[in-house]
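To keep things clear, I will list the structure first and then write my remarks on it.
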Amino acid sequence: MRTYVCTLGYHSTRVTRPVLDNGIDSGDRIVVLRPTEDDDEDGRAAQAVDDIREMASTIDPESRVETAQLRTASFTETVRDCLSLLADADGDAIAVFGGGPREVFLPFTVAVCTRRDLVTEALQFRDMDGVVSEVPVPDLLARAPSRTDPTLALIDDLGGETTLPELSAASDHSKSTVGRHLDELEAAGLVSTESETQTRLIDLTLTGELHLSRG
């Protein structure tokens, strides 16, 4: 089961395309975020929601489309509302960045980036080329033990992409210590690793880059 949590302006395609590409099954929910103080005099936003609802019912009548009215008088309240929606999602929570009013889009972005653990993946419809892409959302609260900081900095010094043998050779620590540091850094989402033949490939993630930028 999945819950798509989506920002929305007047263009339903920015939501329907990511949902269709990712798939929709019986019991899935699509939650559309709109401001409580919704200035929709010409009905374009309401029509966009109706278009999403029609798409969902055509694909699977058991799916649900809901509109969540967010309090936008206070930025803090809007962030809290977004966090609650992510925490209450049924099954996997999938964030869809579909545009919409800044009063909703920015707080939703903050909520997703600070509670990355609540979100399975994030999707975006790109206006420039019409391509649906997965957004590499960073975890702004990610932390790793301070003892791993030199290893993380060394990965950055090596260009952000390296292997365990290369990293060990450049480090002042033993290979086993570097391996433990990698495990801790990967658990925190600061790096990603992949085994290939008899080595371990290492990539600095966006979360890791932001962590390093804080000094």
Side-chain angles (χ1 to χ4, degrees), residues 1-36 38 45-72 77-142 186-189 192 194 205-207:
M1 182 178 295
R2 289 165 292 195
T3 299
Y4 291 94
V5 185
C6 318
T7 62
L8 176 68
Y10 299 141
H11 304 287
S12 60
T13 304
R14 294 176 181 170
V15 171
T16 57
R17 279 286 301 281
V19 171
L20 286 172
D21 278 21
N22 204 58
I24 183 168
D25 298 316
S26 180
D28 285 353
R29 295 170 60 213
I30 301 174
V31 180
V32 178
L33 307 182
R34 293 295 302 171
T36 300
D38 201 345
Q47 182 59 56
V49 174
D50 287 343
D51 291 343
I52 295 169
R53 186 171 285 112
E54 181 179 357
M55 176 277 297
S57 64
T58 299
I59 301 299
D60 195 307
E62 298 301 317
S63 61
R64 293 172 289 162
V65 177
E66 306 166 11
T67 300
Q69 301 288 339
L70 304 183
R71 299 170 294 173
T72 54
E77 287 183 342
T78 315
V79 173
R80 287 173 179 163
D81 287 349
C82 291
L83 288 171
S84 295
L85 287 167
L86 293 173
D88 294 340
D90 297 324
D92 293 334
I94 300 173
V96 178
F97 293 97
R102 290 183 295 275
E103 292 83 358
V104 170
F105 191 90
L106 180 56
F108 181 62
T109 302
V110 170
V112 171
C113 290
T114 52
R115 288 304 310 272
R116 183 66 180 84
D117 58 304
L118 296 176
V119 179
T120 303
E121 61 182 322
L123 305 172
Q124 181 182 44
F125 175 79
R126 301 193 317 202
D127 290 329
M128 297 296 294
D129 54 15
V131 171
V132 175
S133 59
E134 184 171 355
V135 180
V137 178
D139 182 353
L140 299 184
L141 299 183
E186 186 168 29
S192 62
E194 181 181 350
T205 64
L206 177 57
T207 296

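Starting from 1, each residue takes its place in the sequence as its number.
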Exercise. Who passes salt bridge (Lys or Arg N to Asp or Glu O under 4.0 Å) against D90, sequence neighbours left out?
Worked result: R29, R64
For [X] versus [Y], what's the shortest heavy-atom pair and its separation?
| X | Y | answer |
| --- | --- | --- |
| L206 | P136 | CD2-O, 3.4 Å |
| L8 | R34 | O-NH1, 2.6 Å |
| R14 | V96 | O-CG1, 3.8 Å |
| T7 | G99 | OG1-O, 2.8 Å |
| T207 | A142 | CG2-CB, 3.5 Å |
| V31 | A68 | CG1-CB, 3.8 Å |

For this session: Salt-bridge test for D51 and R53: reply yes if a basic N is under 4.0 Å from a carboxylate O, no otherwise.
Result: no
Short question: side chain of [X], backbone of [Y] - any donor-acceptor pair under 3.5 Å?
| X | Y | result |
| --- | --- | --- |
| D60 | S26 | yes |
| R17 | G130 | yes |
| D81 | L70 | no |
| S63 | G27 | no |

Exercise. Which residue pairs pass the ring-ring contact (aromatic ring centres under 6.0 Å, His included) test with at least one member in residues 101-124, sequence neighbours excluded?
Worked result: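 Found F97-F105, F97-F108.
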Out of curiosity, [X] [atom1] to [Y] [atom2], how far, rounded to the nearest 0.5 Å?
| X | Y | atom1 | atom2 | result |
| --- | --- | --- | --- | --- |
| E134 | I94 | CD | CD1 | 9.5 Å |
| D92 | M1 | CG | CE | 10.5 Å |
| L106 | T78 | CG | OG1 | 9.5 Å |
| Q47 | I52 | CD | CD1 | 10.5 Å |
| D21 | T16 | CG | OG1 | 9.5 Å |
| L141 | R116 | CG | CZ | 12.5 Å |

Exercise. Do V104 and T72 come within less than 4.5 Å of each other through their side chains, counting heavy atoms only?
Worked result: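 When only atoms from C-beta onward are counted, T72 and V104 do touch, with a gap below 4.5 Å.
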Exercise. Going through the checks in order, is the side chain to side chain contact (heavy atoms under 4.5 Å, CB included) test met by V15 and M55?
Worked result: CA-CA 10 Å; V15 171; M55 176 277 297; 5.9 Å; no
For this session: Go through the steps for I59 and V19 under the test side chain to side chain contact (heavy atoms under 4.5 Å, CB included), then give the verdict.
Result: CA-CA 11 Å; I59 301 299; V19 171; over 6 Å; no
For this session: Scan N22, I30, T120 and name whichever one has a side chain to side chain contact (heavy atoms under 4.5 Å, CB included) with R2.
Result: N22
Problem set entry | Passing candidate, side chain to side chain contact (heavy atoms under 4.5 Å, CB included) with V112, options V5, L86, L140 |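 That would be L86; it is the only one of V5, L86, L140 passing the side chain to side chain contact (heavy atoms under 4.5 Å, CB included) with V112.
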Seminar exercise, completed: Residues passing the side chain to side chain contact (heavy atoms under 4.5 Å, CB included) test with E54, sequence neighbours excluded, are T58
